[in-house]
Amino acid sequence: MPDRPSLEGLETKWDRVWAEQGTYRFDRSKSRSDIFSVDTPPPTVSGSLHLGTVFGYVQFDSVARFWRMRGKEVFFPVGWDDNGLPTIRRVQNLFGVRCDPSLPYEAGLAIEPDPSADRPLSRRNFVEVCDRLTAEDEKVFEQVFRHVGLSVAWEQTYTTISRRSQRVSQRAFLRNLARDEAYLSEAPTMWDVDMQTAVAQAEMEDRPTSGAYHKLRFHRRDGNDLEIDTTRPELLAACVAVVVHPDDERWKTLVGSEVTTPLFEVAVPVVAHPLADPNKGTGVAMICTFGDSTDVVWWRELGLPMRSIVQRDGRLQGEVPDWFETDAARSAWASLAGKPTKAARRAIAELLAASGEMAGDPRPIEHEVRYYERGERPLEIVTSRQWYIRNGSRDEDRRRALLEAGTELRWHPEFMRIRYEHWVGGLNGDWLVSRQQYFGIPFPVWYPLDADGVVRHDRPITPEEDSLPVDPQSEAPPGFDESQRGQPGGFVGDPDVMDTWATSSLTPMIAGNWEDDPDLFERVFPMDLRPQGPEIIRTWLFSTLLRSQLEHGVLPWSNASINGWVLDPDRKKMSKSKGNVITPEALITEHGADGVRYWSCSAALGTDTAADPAQMRVGRRLAIKILNASKFVLGRAMPGGEVSEPIDRGMLARLATVVGEATASFESYQYQQALERTESFFWSFCDDYLELVKSRAYGGEAPGAASTASARSALALALSVQLRLFAPFLPFVTEEVWSWWQDGSIHRAPWPDPVELDVRATDDPAVLDAVAGVLAAVRRTKTAEKRSLRAPVARLVVSGPEETLTALRAAQGDLLEAGNVAELVLVEGEPAVEVALAAEDEA
RNA sequence: GGGCGCUUAGCUCAGCUGGUGAGAGCAGCUGGCUUACAACCAGCAGGUCGGGGGUUCGAGUCCCUCAGCGCCCA
């Protein structure tokens with residue numbers, strides 16, 4: 001035990017010891033019932049770890065540590081999500097490279113970061129840069145996780161782009177395909193024109209965007225105009241019909257007739273559909289292929305033709321639409337061809353104004369427009385061939401089964417379940433899992449070419465499971481060789497990669513090494529806990545549950561805990577775009593890992609919490625207090641001796657209650673309550689109990705006395721229990737103190753049990769309360785008189801009910817010593833304390 | 001527009017199934033070198049529990065309503 005204990009260096013020291021001794025290593029010889037397995041959220045790999053990630057991880061780390069001490073073998077792997085668009089973007093921006101799949105691979109190419117380079121790379125070179133960058137980032141992430149003391153089993157680490165993840169993803173997909181849970185379909189799809197990829201429902205968001213209503217004049221057969229408001233006049237050439245509400249009296253007679261579009265003079269039918277809003281604009285809307293998702297519904301339900309003009313790069317097509325019939329229309333197209341939609345909107349407004357077919361000027365409005373959550377321009381809708389996984393949106397039985405599964409899952413906090421139910425209830429399409437990207441997990445599928453060289457998408461060729469992972473772009477399918485690629489009678493590889501959620505939805509299977517290590521998988525799956533953030537209930541939680549239901553027919557875990565947001569000190573959500581992100585590393589260095597952990601664990605599950613350095617300082621002070629109190633206790637510890645004094649037994653009785661409460665709190669995932677109870681006991685232990693028994697514990701003239709032994713034993717026992725109660729929250733300081741007097745790691749020591757405290761029916765915490773109450777009154781008087789706390793008290797008169805007096809008599813010696821009281825008088829009567837200090841010169 | 005959560009001392013938050021005069025920490029103020037701790041200790045002060053209505057013997061705690069904040073979904 002050091003003379004002046006300090007927190008300096010504890011993090012480095014214990015991180016090294018834990019690694020050397022394998023303190024958190026997973027012992028796979030344990031059986032499922034002795035294992036607590038956690039499906040941890042793989043952080044997206046980027047330049048810096050988000051404080052919110054550390055916040056959430058620390059919270060469930062405390063839960064994992066509790067179960068480990070409770071005797072469970074904890075399966076606590078960590079994954080790095082290095083797959084997908086965030087990595088692509090980062091590589092593009094940092095290295096100034098872009099992927100051009102037509103380029104050949106250049107071996108040994110050295111790429112240095114140069115954001116302005118705009119250098120094209122082959123797919124394989126591009127992936128190499130991705131791999132290199134993510135490997136560096138992951139090292140930095142691991143360092144932060146170690147620094148903050150996460151009890152991760154590092155030997156179980158996985159990454160979402162690794163060969164193992166690819167194998168699991170492809171195998172699970174092939175099984176979905178074999179069971180007809182996955183299918184290929186050509187359909188209108190939400191499309192990000194910058195990233196050049198399809199986007200799933202779960203990844204879209206609406207953002208307020210400025211636009212303008214343009215009032216277009218369509219022409220009726222009777223010579224009158226039909227005015228239609230639209231925010232997307234540039235899609236006029238894609239107009240396939242105009243629509244009104246079936247009950248709208250103003251337009252009823254028009255339904256079934258034809259009108260011609262302004263400018264392009266294309267005849268389109270007037271149709272009726274309940275989704276047309278009579279209160280919007282003139283009550284007439286144009287249907288284009290496609291302006292928004294309502295257009296898709298109309299197009300499908302009304303059997304309208306396809307007239308697509310927006311290309312995948314977000315520009316209008318160059319060639320004149322072949323449904324144009326007049327020279328005027330064709331020449332009008334010249335000023336629109338090839339323009340991005342926004343520019344085309346301005347151009348067509350000018351054309352319409354010039355031809356007199358727009359009423360008035362455009363009227364600016366703010367409206368909600370759909371974006372990819374990581375995208376910058378509004379999504380377009382294009383028709384493309386994509387892979388889908390059935391998710392219950394078009395199958396009520398499946399939807400019901402998924403909702404049912406949601407009720408079986410235990411949610412912490414409970415109200416988060418509703419977010420899941422709303423998401424499942426509101427699903428309106430199957431899960432689009434394919435992405436048109438270069439860095440990702442390929443679909444393990446090829447397509448034959450018939451004798452005419454036509455791709456037969458209806459007859460996909462799949463590999464054997466034991467050949468996974470495969471890359472259909474560089475490997476030939478079974479029964480073919482590479483020379484037949486693209487040849488009539490040969491094959492082509494599926495060009496797409498999987499959505500990152502298609503991989504992340506398999507984390508329990510990746511971490512458990514599904515199929516490759518059935519022995520391990522059986523011991524950890526289904527898992528006990530899925531901890532995660534609230535914003536990915538609709539994505540990660542739902543998709544994992546879905547994949548598990550499809551593959552295994554069971555819930556992937558029995559519990560889901562949902563952490564809250566970290567807000568900045570002004571209570572705004574932290575985000576990179578606002579520039580208010582605080583890095584965890586700086587906070588850990590400044591306030592210590594235990595300080596940062598204390599702050600995280602003070603926040604309840606699901607509760608948004610401000611990043612509060614003050615709270616971290618409190619945690620740090622608590623850790624220092626633990627060092628100092630332990631130094632005192634262990635300076636004269638005497639474990640094993642009999643605890644005989646009523647006040648000592650009363651303290652232990654109260655501690656037994658705290659142990660019971662902390663245990664129950666942890667079992668229901670309310671770690672913050674366990675921390676609060678433990679901490680509040682600890683402070684009164686230090687301020688009251690310790691002060692009261694201090695002089696008896698010193699021993700004075702009779703160090704061998706039974707009363708001295710009682711105090712010393714009680715102190716040692718109470719310290720041991722409290723250290724273990726704190727261990728899940730403050731792993732560094734508790735391990736340090738533990739090492740002063742115990743063998744082995746505290747993190748593998750048994751969780752305290754009230755039985756250890758040997759509480760008897762006659763032990764009463766009220767003794768401690770009564771004495772502490774009187775001591776407080778003595779302190780109050782001394783402080784009010786501006787005297788030292790050591791100032792002698794000549795006479796102390798306490799009146800109160802008989803029980804109080806009995807309690808005080810039982811601890812009279814401690815009270816006299818702690819208050820430096822010369823004479824104590826106990827009187828039965830109304831509760832009152834009278835303190836007469838000795839005159840100052842007598843001190 | 002719908003859903004969920006939140007609104008308690010200057011600040012950050014506890015207050016679990018309604019029941020002794022509403023709690024903690026931080027900040028503030030007043031004191032104290034006391035042999036675990038001055039990165040400390042002791043004490044004081046500070047709140048009509050967002051507004052309004054209701055249920056009840058009794059409501060911060062349940063119900064209704066309004067307002068504000070946050071998130072999610074249309």
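In what follows, chains carry the letters A, B, and so on, assigned in the order in which the sequence lines appear, proteins first and then strands, with residues in each chain numbered from 1. Because the structure is predicted, anything quoted here is derived from the model rather than measured. Side chains included, hydrogens not; waters and symmetry mates left out as well; all remaining heavy atoms used.
Rounded to whole Å, atom P of rG3(B) lies 23 Å from atom CD of E535(A). Per the geometry, CH2 belonging to W565(A) stands 9 Å off P belonging to rC71(B), to the nearest Å. We find that CD of Q672(A) is positioned 8 Å from P of rA14(B), with the value rounded to whole Å. Straight-line distance from the CD atom of E590(A) to the P atom of rA39(B): 17 Å, rounded to whole Å. For the pair N563(A) CG and rG5(B) P, the computed distance is 18 Å after rounding to whole Å. Protein atom CE of M204(A) is 16 Å distant from nucleotide atom P of rC72(B), rounded to whole Å. The CD1-C1' distance, from I626(A) to rA39(B), rounds to 15 Å in whole Å. In this structure, the CZ atom of R620(A) is 15 Å from the P atom of rA38(B), given to the nearest Å.
Between the side chains of S710(A) and E645(A), no donor-acceptor pair of N or O atoms lies under 3.5 Å.
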- Note on the structure: Counting primed atoms, P, OP1 and OP2 as sugar-phosphate and everything else as base, the B/S/- map of nucleotides 17-32 of chain B against protein heavy atoms under 4.0 Å is --------SS---SSS
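Taking atom C1' in both rU61(B) and rU7(B), the straight-line distance is 15 Å, to the nearest Å. Between rC13(B) and rC49(B), the two C1' atoms lie 13 Å apart (nearest whole Å). For rC64(B) and rG2(B), the P atoms lie 15 Å apart once the distance is rounded to whole Å. Atom name P, nucleotides rU48(B) and rG10(B): the rounded distance is 8 Å, in whole Å. For the P atom pair drawn from rU8(B) and rG60(B), the interatomic distance equals 15 Å after rounding to whole Å. Using P as the reference atom, rC63(B) and rA59(B) are 16 Å apart when rounded to the nearest Å. Rounded to whole Å, the separation between the C1' atoms of rG25(B) and rA45(B) comes to 16 Å. Between rC33(B) and rC41(B), the distance separating the two P atoms is 16 Å to the nearest Å.
In summary, the aromatic rings of W599(A) and F55(A) are positioned with their centroids under 6.0 Å apart. Ring to ring, F729(A) and F666(A) are close: their centroids are under 6.0 angstrom apart. Aromatic pair Y57(A)/F60(A): ring centres closer than 6.0 Å.
Ion pairing between E380(A) and R232(A) holds under the 4.0 Å rule for side-chain N and carboxylate O. Taking the charged nitrogens against the carboxylate oxygens, R696(A) and D648(A) do have a contact shorter than 4.0 Å, which makes a salt bridge.
With a 3.5 Å ceiling on both atom-pair distances, rU17(B) lacks any Watson-Crick or G-U wobble partner. In this structure, rU56(B) makes no Watson-Crick or G-U wobble pair, since no nucleotide meets both defining distances under 3.5 angstrom. Across every strand in view, rC6(B) sits in a pair with rG68(B) that passes the Watson-Crick or G-U test at under 3.5 angstrom. Figure legend. rU35(B) is base-paired to no nucleotide; pairs are counted as Watson-Crick or G-U wobble with both atom distances under 3.5 Å.
E679(A) comes within 4.0 angstrom of nothing in the nucleic acid, heavy atoms only.
Checking D687(A) against R370(A), the closest nucleotide of RNA chain B that is more toward the 5' end is the one next to D687(A). Between C686(A) and I418(A), the residue whose closest nucleotide on RNA chain B is further toward the 5' end is I418(A).
Residue E830(A) places its CD atom among 12 or fewer non-hydrogen atoms of other residues, nucleotides or ligands, all under 6.0 Å distant. For K13(A), the NZ atom counts as densely surrounded, since its 6.0 Å shell holds more than 12 non-hydrogen atoms of other residues, nucleotides or ligands.
The side chain of R779(A) has rG43(B) as its nearest neighbour among rG43(B), rA14(B), rC72(B). Closest to the side chain of H422(A), out of rG3(B), rC37(B), rC73(B), is rG3(B). Checking rG70(B), rA14(B), rC40(B) against every side-chain atom of D608(A), the shortest atom distance belongs to rG70(B).
Smallest separation of non-hydrogen atoms from A718(A) and L655(A): CA-CD2, 3.7 Å.
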